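Since the structure comes first, as structure tokens, the remarks are kept for the end.
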Amino acid sequence: MEWRDEGIILGTRKHGETSAILEVMTRSRGRHLGLVRGGRSRKQQPVLQVGNKVDLLWRARLDEHLGTFQAEAIELNAARLFDSASAIHGLQTLASHLRLLPERDPNERLYETLCLIIEHLDDPLAAGELVVRFELLLLDELGFGLDLTRCAATGVRAELVYVSPKSGRAVSREAGEPWRDRMLDLPAFLLGGSGMRADHASIEQAFRLTGFFFSRHVFEPRGLTEPESRTAFIGALRRNRARLTATDGENAA
């Protein structure tokens, strides 16, 4: 058995004295593992870093075997991203989320989205918006997608400011007002066609929204807890916001 594809490295772990098990998200074959012989060598280590895009050749005697990878660098993203705490935690969060999917389950849409996010992970504000959109996409892929297109109660498309925690559907301001204490906030930038960009406050709201549905539908039924990397990523975004606020205050003074 043999195939060639490109992929983004999600993780590595030691195997024996010189080799490594490589975990990648591939374009055509989903999340896939394979053995890299000599993967801990000086030549291979810079290539086999999380976030790097690689060209992969996989071989095995049978399709269900672990198999071996030969990996060559396409984009060495890790060197750029590892200077940023938010980028490191963002990469770890994305990898944790992708492990919720079955191994070797093809999903080119998630792969393309992952590539786009990695291009911007060193920009904390852009990274926050992109990662939360990735979470919405993943919820949809797992069968728990949110309907943010129209009000669940009235069908209107205007003034959508809440999400029902029961149905995962948008609710308009007027329809949701009597139950606003029970509703989840819907950041305007998540609405299709709004043309709005996220700010720090709306990103916090968006992560509370996606976190609620991940906990209810994904983590708790599987006996899992929220990944520590996700908490760390949101914390890194907050610290970046605080630094920017302090800098703006100093400049104003």
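Predicted model only: the values in this text are computed from it and were never measured.
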Would you say [X] and [Y] make side-chain contact, with heavy atoms under 4.5 Å?
X: V218; Y: L142; value: yes
X: N107; Y: R29; value: no
X: I8; Y: L114; value: yes
X: P187; Y: Q205; value: yes
X: L91; Y: F233; value: no
X: L190; Y: R133; value: yes
X: F219; Y: T225; value: no

Fill in: Salt-bridge contact D105-R31 (side-chain N to carboxylate O under 4.0 Å)
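No, no charged N to carboxylate O under 4.0 Å.
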
Worksheet item: Hey, mind stepping through L100 and L138 against side-chain contact (heavy atoms from CB on, under 4.5 Å) and telling me if it holds?
Response: CA-CA 9 Å; L100 297 169; L138 186 60; 4.2 Å; yes

Applying side-chain contact (heavy atoms from CB on, under 4.5 Å), can you list everything that pairs with [X], at least two apart in sequence or on another chain?
X: P46; value: none
X: A87; value: L81, S84, L121
X: T149; value: D147, R157
X: L146; value: L136, L148, L209, F213

Discussion item. Looking at E72, I want to see if its CD is surrounded by more than 12 non-hydrogen atoms of other residues, nucleotides or ligands under 6.0 Å.
Written reply: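 Incorrect, the count does not exceed 12.
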
Worksheet item: What residues, two or more places apart in sequence or in another chain, satisfy salt bridge (charged side-chain N to carboxylate O under 4.0 Å, His left out) together with R61?
Response: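 Partners of R61 under the salt bridge (charged side-chain N to carboxylate O under 4.0 Å, His left out) test: none.
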
Item to complete: If you link ILVMFWY side chains whenever their heavy atoms are less than 4.5 Å apart, which other residues fall into the same cluster as V36? By chain and number, please.
Response: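 Noted: V36 shares its cluster with M1, W3, I9, L22, V24, V47, L48, V54, L56, W58, F69.
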
Discussion item. Which Ile, Leu, Val, Met, Phe, Trp or Tyr residues join L33 in one cluster when any pair of side-chain heavy atoms under 4.5 Å counts as a link?
Written reply: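 Members besides L33, by chain and number: I21, L35, L66.
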
Using a 3.5 Å cut-off and no angle test, enumerate the donor-acceptor pairs between side-chain atoms of residues 169-178 and protein atoms at least two apart in sequence or in another chain.
{"residue": "S172", "atom": "OG", "partner": "A175", "partner atom": "N", "Å": "3.2"}
{"residue": "R173", "atom": "NE", "partner": "E159", "partner atom": "OE1", "Å": "2.7"}
{"residue": "E177", "atom": "OE2", "partner": "R180", "partner atom": "NH1", "Å": "3.0"}

Practice prompt. Could you name each residue pair satisfying ring pair (Phe, Tyr, Trp, His ring centres under 6.0 Å) that touches residues 122-147, not counting sequence neighbours?
Written response: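 Non-adjacent pairs meeting ring pair (Phe, Tyr, Trp, His ring centres under 6.0 Å): F144-H217.
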
Got a second to check how far [X]'s [atom1] is from [Y]'s [atom2], nearest 0.5 Å?
X: L57; Y: R4; atom1: CG; atom2: CZ; result: 5.0 Å
X: L94; Y: M25; atom1: CG; atom2: CE; result: 11.0 Å
X: F207; Y: T231; atom1: CZ; atom2: OG1; result: 11.0 Å
X: H89; Y: S96; atom1: NE2; atom2: OG; result: 12.0 Å
X: S86; Y: L125; atom1: OG; atom2: CG; result: 10.5 Å

Fill in: Exercise: do T210 and E135 side chains pair donor with acceptor under 3.5 Å
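Distance-only check passes for T210 and E135.
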
Worksheet item: Do the side-chain N and O atoms of E75 and N52 include a donor-acceptor pair separated by under 3.5 angstrom?
Response: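 On atom types as modelled, these side chains do not qualify, holding no pair under 3.5 Å.
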
Is there a continuous path of hydrophobic side-chain contacts, each under 4.5 Å between heavy atoms, that joins [X] to [Y]?
X: L237; Y: F214; value: yes
X: L137; Y: L191; value: yes
X: I74; Y: F82; value: no
X: L10; Y: L116; value: yes

Worksheet item: What heavy-atom pair brings S19 and R40 nearest, and what distance separates the two atoms?
Response: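 Distance-wise, the nearest heavy atoms are O-CD, 3.1 Å.
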
Worksheet item: Which heavy atom of M196 sits nearest a heavy atom of A188, and at what distance?
Response: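 Scanning both residues, the minimum pair turns out to be SD-CB, 3.4 Å.
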
Item to complete: Could you note down all residue pairs passing salt bridge (charged side-chain N to carboxylate O under 4.0 Å, His left out) where residues 219-229 supplies at least one of them, sequence neighbours left out?
Response: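 Residue pairs with at least one partner in residues 219-229: E226-R230.
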
Worksheet item: How would you list all residue pairs meeting salt bridge (charged side-chain N to carboxylate O under 4.0 Å, His left out) that involve residues 83-104, not counting sequence neighbours?
Response: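 Listed once each, the pairs are E23-R99.
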
Practice prompt. Please list all pairs passing the side-chain hydrogen bond (donor to acceptor under 3.5 Å, both in side chains) test where one or both residues lie in residues 5-17, with sequence neighbours left out.
Written response: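 Non-adjacent pairs meeting side-chain hydrogen bond (donor to acceptor under 3.5 Å, both in side chains): E6-R27, E6-Y111.
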
Discussion item. Please check this pair: side chain of E204 against backbone of H200, looking for a donor-acceptor N/O pair closer than 3.5 Å.
Written reply: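 No: the side chain of E204 does not pair with the backbone of H200.
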
